[in-house]
Amino acid sequence: MRIAIFEDETYRNFFPLTLTRPVYELFVGTSSIREKIIKNIAKLGEVIFFCRSYLCDILKERLPSSCINDFSTTDDDILLVNGLLVANESLNDVLQKLSKAGTVVLQKGRVVAARIGREFLELPEIQTTMTSAENVTETILKFATEKLHVENFRLLEYPWELIELNPELITAELREIKNKELRGRIEPSVTVYGSKESIFIAENALLEAGTVLDARYGPIYIGENTYVQSPTRISGPAYIGRNCIIYGGQIREGCSIGDVCRIGGEVEKSIFHGYSNKRHYGFIGHSYIGEWVNLGAGTTNSDLKNTYGTIKMDIGGQLRDTGSMFVGIFVGDHAKTAIGTHIFSGKKIGVSSHLYGIVPEDVPSFTAYARTLGVKPTEIYLESAIETARRMMHRRNVQLSRAYEDMLKRVFELTEQERSRANVVKGKFSI
C-alpha cells in the first residue's frame, strides 16, 4: 500500500511559518510532524509527500530519497494521512479500521486519514488539489463511502497549539530513548537536580563547569557536538539539537532548540526551528522561531497581557481567541531584529522581515518595520532579501540553492497583497 501525507486548507492558519515549508515540516517536541508520522506508519508501505507545488523542489532537496508530488499509478489503494496530525501509537489502531477504499476518518469535519482506490491519483482534479492544498477536504469526501468520526487525535489547527503541546511531547519522546548513556563530556562541577537518568548527553557534547541541569520536572536532551557555556541553567523538559552553542543564560522548561542554533539570554517554552540565532540577552517566551532568524541583542517579546486575559491572534483576517494567557510570537524564516526590539504578544513576523523599535502589530513578509521610530513600513527589495539569506546561510556552510531562491521569489509574490493591506510602501528604507 502507498501512504500519502498531505496538506489540507489549514496550512494558511500557520502563516508565516508555512509559507516556506509544508505543514508536516513544522517542529514540535523533538522532531518534525513528518518524522512522527513516519515513525508510526513506517511498516505500512512506501510514503509519498504531497505539498504545494512551489515547495516541491525544496522538499526534494531536503528529502532526496523520498517521493514528492508523485502521482504514478499503483496496484494498491492509497492511504492518506493529514500532515498536521501529531501521530502517536494509536494512529495504527485507526488506520487498521480503514479496511476498504472509500473509508474516511474525520475529526471536527477535517480528514484525519482516508483509504482511497488506486485510480484516485490519476484524476486531474486530485492532482490539482494535492499540489495546491485547496479544497482538499471537500475533494476527498467526494470519494467517501463510509465516514468514521473520532475525537481524540491531535490534529493541529492553530500555531499556538505547537507551543502548548511542546513540553508534553518532549517528555514523552525522550522517555522512548533506549540508549541513555552520558556520552558527552560533563565537567565535575556541573550541578544536576533530579535524576541523572532523565538527562541525555549525546556524543561530543560539552557542558562547561558551572552549568546547572534541572530535571526535576522533566527530562533534558543535549545533542551531538553541542557546546553549553557557563553560566547556563537548563530546566526540563528541554530538547537541544546538534551543533548548537548555548552562550549562557536560562533555558527554561518547555523549550525545543533545533540544530545549529546559537542561544543566549532567557528562553521559555519556545521552539527554535533550526539555524537561528538569539546570541545575546533578552527574553523569548511561548514563541516559535523559524529557520535562519537572527534576533539582535535585547530583542524581547511579551507573552502575557497586563490584564492577565487570554491573548487573541489574527488568523486569516479574523481575530481568534487562543484561550491562553501565555502566547508569544511566531517568526517566519529569515526575519531579523535590530538591537532593543520589543514585540507585543500574539504577533506574527513575516518571512525576511526586518524589525526596529517597538512592534505592536503583525508585520508582513519582506517588510522593514520601524513605525515607532517614525518610518512607514517599507517593502524590502527582493534582491536584497535573497542576498541577505545567501550571506547568512554561507556563514553556516550552507549554499542557497536555485530551488531555494525560486521559493523565496514565489513567497514574495504570494505575500504582495498582505503588504498592500498593511499599507507597506515601496522605496528606499532609511532611519
Side-chain angles (χ1 to χ4, degrees), residues 30 163 166-167 170-171 174 180-289 293-304 326 328-329 337 339-343 395-396:
T30 67
I163 305 303
N166 206 49
I170 294 171
T171 299
L174 290 185
K180 298 184 179 181
E181 296 180 10
L182 297 180
R183 295 173 176 266
R185 178 183 170 189
I186 302 178
E187 297 293 339
S189 60
V190 169
T191 300
V192 175
Y193 292 107
S195 172
K196 289 186 177 181
E197 294 182 356
S198 295
I199 296 174
F200 316 121
I201 312 296
E203 193 169 0
N204 294 323
L206 170 61
L207 280 64
E208 283 189 347
T211 300
V212 175
L213 303 177
D214 187 352
R216 288 175 292 185
Y217 306 105
I220 297 170
Y221 180 93
I222 298 175
E224 296 176 3
N225 301 309
T226 285
Y227 175 29
V228 181
Q229 295 183 356
S230 175
T232 296
R233 180 188 179 94
I234 303 173
S235 301
Y239 172 86
I240 301 174
R242 299 185 297 271
N243 300 307
C244 295
I245 302 177
I246 309 301
Y247 285 101
Q250 298 271 0
I251 309 296
R252 299 193 183 276
E253 65 281 354
C255 287
S256 291
I257 297 171
D259 297 340
V260 202
C261 283
R262 307 290 185 258
I263 304 295
E266 183 181 5
V267 181
E268 179 182 15
K269 207 172 184 181
S270 293
I271 299 170
F272 281 72
H273 194 90
Y275 289 96
S276 287
N277 303 327
K278 183 200 172 303
R279 167 69 176 84
H280 305 285
Y281 70 95
F283 171 75
I284 295 295
H286 293 81
S287 299
Y288 191 116
I289 311 298
V293 173
N294 190 76
L295 304 178
T299 295
T300 292
N301 77 267
S302 167
D303 61 2
L304 175 67
F326 293 97
I329 58 177
T337 69
I339 59 171
T341 301
H342 292 171
I343 310 171
R395 286 169 58 86
R396 296 290 178 262

Looking at every heavy atom in both I163 and S287, which two are closest together, and how far apart are they? CD1-O, 3.2 Å
Drop me the distance from L295's CG to N301's CG, to the nearest 0.5 angstrom. 9.0 Å
Please tell me if the side chains of E253 and K269 come closer than 4.5 Å, counting only heavy atoms from C-beta onward. no
Nearest 0.5 Å please: distance from the CD1 atom of I245 over to the CG atom of N225. 11.0 Å
Checking T299 now: which residues fulfil side chain to side chain donor-acceptor pair (under 3.5 Å) with it, not counting sequence neighbours? T337
Are I246 and I222 close enough that some pair of their side-chain heavy atoms sits under 4.5 Å apart? no
Write down the atom of G210, the atom of S189, and the distance for their closest heavy-atom approach. N-OG, 3.5 Å
Side chains of Y247 and H280: does their closest heavy-atom pair fall under 4.5 Å? no
Counterpart residues, salt bridge (charged side-chain N to carboxylate O under 4.0 Å, His left out), relative to E266 (two or more places apart): R252
Is the backbone of I220 close enough, under 3.5 Å, to the side chain of S198 for a donor and an acceptor to pair up by distance? no
Counting C-beta onward and ignoring hydrogens, is there a side-chain heavy-atom pair between L213 and L207 closer than 4.5 Å? yes
Pairs flagged by salt bridge (charged side-chain N to carboxylate O under 4.0 Å, His left out) wherever residues 294-304 is involved - sequence neighbours left out: none
Which residue pairs satisfy the salt bridge (charged side-chain N to carboxylate O under 4.0 Å, His left out) criterion with at least one member in residues 226-237, sequence neighbours excluded? D214-R233
Does the side chain of I240 come within less than 4.5 Å of I234's, by heavy atoms? yes
Is the shortest heavy-atom distance from the side chain of F283 to the side chain of E268 under 4.5 Å? yes
Spacing of CD1 belonging to I170 relative to OH belonging to Y239, to within rounding of 0.5 Å: 10.0 Å
Counting N and O atoms only, with roles assigned by atom type, does the side chain of S230 sit under 3.5 Å from a partner on the main chain of A209, one being a donor and the other an acceptor? yes
Sequence neighbours left out, cut at 3.5 Å: what donor-acceptor pairs do the side chains of residues 254-264 make with other protein atoms?
unit_1	atom_1	unit_2	atom_2	d
S256	OG	G29	O	2.6
S256	OG	N166	OD1	3.3
S256	OG	N166	ND2	3.0
D259	OD1	R242	N	2.8
D259	OD2	R242	NH2	2.8
R262	NH1	N243	O	3.0

By side-chain contact (heavy atoms from CB on, under 4.5 Å), T171 pairs with (sequence neighbours left out) R175, P219, P237
A side-chain contact here means heavy atoms from C-beta on lying under 4.5 Å apart; do I284 and K278 qualify? yes
Which value, rounded to the nearest 0.5 Å, describes the distance between R395 atom CZ and N277 atom CG? 7.5 Å
May I ask you to decide if the ring planes of H286 and F326 are parallel, tilted or perpendicular, using 30° and 60° as cut-offs? parallel
Give the ring-plane orientation class for F200 versus Y221, where under 30° counts as parallel, over 60° as perpendicular and anything between as tilted. tilted
